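Attaching a single structure in structure tokens format; questions to follow.
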Amino acid sequence: MNVKVNPEVAQALKEGRPVVALESTIISHGMPYPDNVETALNVEKIVREHGGVPATIGIIDGVGIVGMNAEEIEAFGKKGKEIPKVSRRDLATIMATGSWGATTVATTMILANLAGVEFFVTGGIGGVHRGAELTFDVSADLEELARTNVTVICAGAKAILDLPKTLEVLETKGVPVLGYGTDELPAFYTRQSGLYVDYNVSSPEIAAKIIKEKRELKLDGGVLITNPIPEEYSMDADAINAVIDKALTEMEEKGIKGKDCTPFLLARVAEITGGDSLAANIKLVYNNAAVGTEIAKAYSALK
């Protein structure tokens, strides 16, 4: 199996200490160098400050690395968009050809699960794209959440998506959608969406008990814990939705489709907002890292 687990991560797993997986697409495609490397290392630092062991995941020369070191993260940051995004359909090809790959939510879940890592922190998951009733554009992240035993802590689905349809698909797939201290599904850049989660968890301990119960019941699939962006960094809902609508119109005019949609939309939203959306994105990832590690600690204590 072409998966290499960092010795520190392997030791922590062996001892039952909390390990938190992190994706590498945010490094290679999320922002320019050196901001991408700084952000990735800051997220790892936050995980450590809260008592966890970070495991940034990426593919280097066809090998899935669970727990990239600082030099590997630096290399990812410098290569940037030269490194392709890798989802489930691409994983075997990338590994067989000895290529580099940036892991999405789906592939980070796959490699984390292979290594025995239960918890994964990210910004937002993919979901059902707007207009999917015509394009059938639905992220592989949802299918992965339905089948892979990893708990994902995020700020909801990316706001550029069709959130009601995304929530419906998660329900159909049997994925528990929990709100961390909220009844509403967070909308990534904003704290509310007008949509309701399955259950409001008020503490890391309650979240950990739900995850443990799901695993003991042998109910395969992920748990989605949605953590609202901190109030001080939340953007105005009407303003950000207007920006997203503008970016969607431009995307359609340019004929951009498939896996190119999300990178285009996020980049365009950042441009239109003068970087405010990117700053909010970074802050919500930091917040998710703190909350996710606390939940991982509570889960380790239960076990």
Side-chain angles (χ1 to χ4, degrees), residues 1-10 19-41 43-44 54-117 119-127 137-150 152 154 158 222 256-267 281 285:
M1 183 171 64
N2 288 338
V3 178
K4 175 184 173 184
V5 181
N6 179 301
E8 181 192 12
V9 172
V19 175
V20 177
L22 305 164
E23 63 165 285
S24 50
T25 291
I26 196 170
I27 304 172
S28 60
H29 290 72
M31 59 196 78
Y33 178 82
D35 296 340
N36 50 6
V37 172
E38 180 184 0
T39 299
L41 294 177
V43 174
E44 289 204 342
T56 299
I57 296 177
I59 303 165
I60 297 177
D61 296 331
V63 178
I65 309 296
V66 180
M68 293 164 61
N69 60 36
E71 291 75 21
E72 290 165 336
I73 290 172
E74 178 79 15
F76 252 77
K78 285 183 175 178
K79 283 179 176 287
K81 293 180 181 178
E82 292 176 26
I83 303 175
K85 289 173 63 177
V86 177
S87 194
R88 169 175 277 267
R89 68 175 183 181
D90 315 302
L91 190 55
T93 301
I94 290 294
M95 286 187 162
T97 56
S99 303
W100 286 51
T103 58
T104 60
V105 168
T107 39
T108 304
M109 290 181 70
I110 291 168
L111 295 176
N113 186 53
L114 285 171
V117 178
F119 294 92
F120 163 39
V121 163
T122 187
I125 62 164
D137 192 351
V138 179
S139 171
D141 295 353
L142 301 186
E143 195 63 44
E144 213 57 55
L145 279 161
R147 69 170 85 184
T148 301
N149 296 342
V150 171
V152 179
C154 67
K158 294 181 176 72
I256 296 170
K257 300 182 184 300
K259 65 180 182 180
D260 295 327
C261 291
T262 298
F264 171 83
L265 289 170
L266 291 177
N281 192 345
V285 172

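For reference, positions follow the sequence shown, starting with 1. For clarity, every value in this text was computed on a predicted model and none was experimentally measured.
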*Within the side chain of Asn113, is there an N or O that forms a donor-acceptor pair under 3.5 Å with the backbone of Ile110?*
no
*Which heavy atom in Ile256 sits nearest to a heavy atom in Cys261, and how many Å separate them?*
O-SG, 3.7 Å
Name each donor-acceptor pair under 3.5 Å that joins a side chain in residues 55-76 to protein atoms two or more places apart or in another chain, with its distance.
residue, atom, partner, partner atom, Å
Thr56, OG1, Glu44, OE2, 2.7
Asp61, OD1, Trp100, NE1, 3.0
Asn69, OD1, Glu71, N, 3.1
Asn69, OD1, Glu72, N, 2.8
Glu72, OE1, Asn69, N, 2.8
Glu74, OE2, Tyr33, OH, 2.3

*For the side chain to side chain contact (heavy atoms under 4.5 Å, CB included) test, which of Thr39, Thr122, Ile26 pairs with Val285?*
Ile26
*Taking all heavy atoms of Ala112 and all of Ala21, pick out the closest pair and write down the distance.*
CB-CB, 4.0 Å
*Please examine the side chains of Pro84 and Asp90, heavy atoms only from C-beta on, and report whether any two atoms are closer than 4.5 Å.*
no
*Ignoring hydrogens and angles, tell me if any N or O in the side chain of Thr107 forms a donor-acceptor pair with the backbone of Thr104 under 3.5 Å.*
yes
*Is there a side-chain contact between Val152 and Glu144, using heavy atoms and a 4.5 Å cut-off?*
no
*asked:* So does Ala102 get a backbone contact from the side chain of Ser28, meaning a donor-acceptor N/O pair under 3.5 Å?
replied: no
_Separation of Ile94 CD1 from Arg89 CZ (nearest 0.5 Å)_ = 11.0 Å
*Does the pair Leu145 and Met109 meet the rule for a side-chain contact (heavy atoms from CB on, under 4.5 Å), with working shown?*
CA-CA 8 Å; Leu145 279 161; Met109 290 181 70; 3.9 Å; yes
_Which heavy atom of Ala115 sits nearest to which heavy atom of Val5, and what is that distance?_
CB-CG2, 3.9 Å
_Nearest heavy atoms of Lys85 and Pro263, plus distance in Å_ = NZ-CG, 3.8 Å
*Between Asp35 and Met31, what is the shortest heavy-atom contact and its length?*
O-SD, 3.7 Å
*Looking only at non-hydrogen atoms, find the nearest pair between Leu22 and Val121 and report the distance.*
CD2-O, 3.8 Å
